[in-house]
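When reading the values below, keep in mind they use all heavy atoms of this one structure, side chains included, and skip hydrogens, waters and symmetry mates. First the proteins, then the strands, lettered A, B, ... as listed; each starts at 1. All values reported here derive from a predicted model rather than from experimental measurement.
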Number of protein chains: 2
Amino acid sequence: MVKKIESTEEKIITSAKSVFIRKGIDGARMQEIADEAGINKSLLHYYFRSKDKLFDRVFSESFLPVAKTISRVFESSPDINTLIEGFVTNYIILLRKNPHLPHFILHELNRNPERIVEQIQSSNFNKTRIVELLSNDADANKLKAFDPIHIVVNIIALCVFPFVAQPILQGFLFNDNEADFQKFINERTQHIIAFVKSAIFINHS
Amino acid sequence: MVKKIESTEEKIITSAKSVFIRKGIDGARMQEIADEAGINKSLLHYYFRSKDKLFDRVFSESFLPVAKTISRVFESSPDINTLIEGFVTNYIILLRKNPHLPHFILHELNRNPERIVEQIQSSNFNKTRIVELLSNDADANKLKAFDPIHIVVNIIALCVFPFVAQPILQGFLFNDNEADFQKFINERTQHIIAFVKSAIFINHS
DNA sequence: AAATGATTTAACCAAATAGTTAATTTAAAT
DNA sequence: ATTTAAATTAACTATTTGGTTAAATCATTT
């Protein structure tokens with residue numbers, strides 16, 4: 001393990017990510033970000049002018065990897081089976097590494113939908129791809145006649161929701177036992193793949 | 001339509017709900033709540049001592065109806081088909097009336113998970129009910145061997161996610177066209193019911 | 001080592017905001 | 001009508017907080 005020396009700017013970004021993702025832009029305090037980075041608060045403004053600018057940077061750096069991961073799988077899957085398996089597998093891996101990311105993104109998106117517009121432009125997500133894949137297989141009579149858009153939303157929902165709703169699921173379903181929740185998450189990839197395939201394929205075993 | 005005279009307390013609650021749900025506790029301003037209620041800011045403190053206390057009241061009043069709706073359907077459904085149909089139908093109706101409610105609840109839950117503990121106690125949600133129902137039908141060999149807990153989470157996820165993610169779905173999938181999104185939501189109840197049944201029943205048509 | 005520019009800090013400022021107080025108005029009771 | 005209590009308001013306070021400034025320190029160049 002190489003001991004990497006973090007530059008001040010990197011320390012700020014790291015700390016700002018942590019605080020913004022946990023508390024949201026309104027709940028975050030510049031002083032807390034500075035404290036967590038172990039630097040003087042003025043340095044935040046020296047490097048990033050304002051809270052808003054710092055936040056924009058954090059949001060970009062958080063959102064882009066997600067968009068990239070999704071995009072990559074969608075582009076590179078030759079058929080619907082590969083797409084489902086690849087998407088769910090990679091997405092859950094990403095979410096397990098960043099469990100608070102979806103809530104952060106959804107929250108700031110709800111508060112300020114405009115902010116996302118540029119982000120969407122810069123990520124080259126191609127929604128027609130899944131429609132193509134689904135249409136092909138549908139023609140071959142292997143698929144039930146579900147609207148592809150609903151299927152896309154379903155797959156994303158099944159992956160993302162448990163992470164967004166962790167506290168409520170843990171409280172309601174797992175008697176506040178975090179280990180049980182983690183076990184649930186560990187089973188999740190295989191379950192979603194099986195569940196979705198079972199739903200959309202005709203004569204699925 | 002009876003013109004009901006709202007008491008000051010009711011006016012405050014109504015306005016506080018609106019502001020807190022839109023902006024979260026950190027983003028909300030007591031002055032804005034007072035303005036929207038058409039009263040002096042001091043009255044907020046006169047009736048509810050502090051922002052936190054006012055928020056607690058709003059959160060309870062928002063959360064309980066959701067828990068009640070879910071609970072009622074779970075209790076009253078004699079079989080798994082009725083449960084799925086009843087749950088999805090009633091839950092989507094509730095969400096369409098209060099589209100920002102899930103995001104509000106999930107956000108404040110993430111910020112302050114402890115706050116929910118009392119709420120959970122007071123709602124008498126019985127998670128074993130669906131396990132019973134699913135076990136019955138599973139014994140009768142009508143159901144595939146999915147873990148009931150995952151199925152519960154799936155159904156809730158499929159209902160709630162589109163509302164939490166409205167801005168991102170609208171942006172990514174519907175080219176920022178709200179009408180298309182609403183059309184999507186209108187189809188959602190029937191789609192989820194068909195999708196879930198197709199996934200879990202053996203030989204589902 | 002002197003000079004120069006970049007980085008960092010402590011002290012400060014101004015605006016925003018939750019909460020308080022004391023006076024005023026309204027409503028109810030006698 | 002007078003008294004009393006509740007409801008409402010305007011003005012104020014204390015604190016938090018994003019942002020600024022000017023001085024100090026560190027690093028680099030000459």
Chemist: Tell me the interatomic distance from A/Phe55, atom CZ, to D/dG19, atom P, rounded to whole angstroms.
Modeler: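 Between P of D/dG19 and CZ of A/Phe55: 14 Å.
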
Chemist: Determine the interplanar angle of the B/Tyr91 and B/Phe87 rings, folded into 0 to 90°, and report it as parallel if under 30°, tilted if 30 to 60°, perpendicular if over 60°.
Modeler: tilted

Chemist: Measure from the side chain of B/Ile39, starting at C-beta and using heavy atoms only, and say which of D/dG19, D/dT9, C/dT9 lies closest.
Modeler: D/dT9

Chemist: Does a nitrogen or oxygen in the side chain of A/Tyr47 sit under 4.0 Å from OP1 or OP2 of C/dT8?
Modeler: yes

Chemist: Measuring to OP1 and OP2 of D/dT16, would you say a side-chain N or O of A/Arg29 lies under 4.0 angstrom away?
Modeler: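 A/Arg29 to D/dT16 OP1/OP2: no side-chain N or O under 4.0 Å.
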
Chemist: For the base of D/dA7, is there a side-chain donor-acceptor partner from B/Thr8 under 3.5 Å away?
Modeler: no

Chemist: Can you name the salt bridge (charged side-chain N to carboxylate O under 4.0 Å, His left out) partners of A/Arg57, sequence neighbours left out?
Modeler: A/Glu9, A/Glu61

Chemist: A/Ser42 has a side chain; which of D/dT20, D/dG18, C/dT21 sits nearest to it?
Modeler: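 The closest nucleotide is D/dT20.
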
Chemist: If you only use heavy atoms from C-beta on, which nucleotide in D/dG19, C/dG19, D/dA10 is closest to the side chain of B/Ser50?
Modeler: C/dG19

Chemist: Distance check needed: D/dA22 P versus A/Asn40 CG, whole Å only.
Modeler: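 That distance rounds to 16 Å.
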
Chemist: Keeping to residues at least two apart or across chains, list the salt bridge (charged side-chain N to carboxylate O under 4.0 Å, His left out) pairs with something in residues 92-104 of chain B.
Modeler: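 Sorted result for residues 92-104 of chain B: empty, none.
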
Chemist: Parallel, tilted or perpendicular: which describes the rings of B/His107 and B/His103, with under 30° parallel and over 60° perpendicular?
Modeler: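 B/His107 and B/His103: parallel rings.
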
Chemist: Without decimals, in angstroms, what is the distance between B/Leu43 CG and C/dA18 C1'?
Modeler: 15 Å

Chemist: Calculate the interatomic distance between B/Arg49 atom CZ and C/dT21 atom C1'; express it in whole Å.
Modeler: 16 Å

Chemist: Can you find a donor-acceptor N/O pair under 3.5 angstrom joining the side chain of B/Lys41 to the base of C/dG19?
Modeler: yes

Chemist: Identify which nucleotide among D/dT8, D/dG19, D/dT20 has an atom closest to any side-chain atom of B/Tyr46, counting heavy atoms from C-beta outward.
Modeler: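 For B/Tyr46, the side-chain atoms sit closest to D/dT8.
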
Chemist: Tell me the interatomic distance from A/His45, atom NE2, to C/dC12, atom C1', rounded to whole angstroms.
Modeler: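 Whole-Å distance recorded here is 14 Å.
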
Chemist: Base, sugar-phosphate, or nothing: which does B/Ala28 touch, judged by heavy atoms less than 4.0 Å apart?
Modeler: sugar-phosphate

Chemist: Nearest whole angstrom, please: distance from the C1' of C/dG19 to the NZ of B/Lys53.
Modeler: 12 Å

Chemist: Taking the six-membered ring for Trp, are A/Phe184 and A/Phe174 parallel (under 30°), tilted (30 to 60°) or perpendicular (over 60°)?
Modeler: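 It falls in the tilted class, 30° to 60°.
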
Chemist: Just how far, in rounded Å, is P of C/dA10 from CG of A/Leu44?
Modeler: 14 Å

Chemist: Could you give the CD-to-C1' distance, from A/Glu32 to D/dG19, as a whole number of Å?
Modeler: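 In whole Å, D/dG19 C1' and A/Glu32 CD are 18 Å from each other.
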
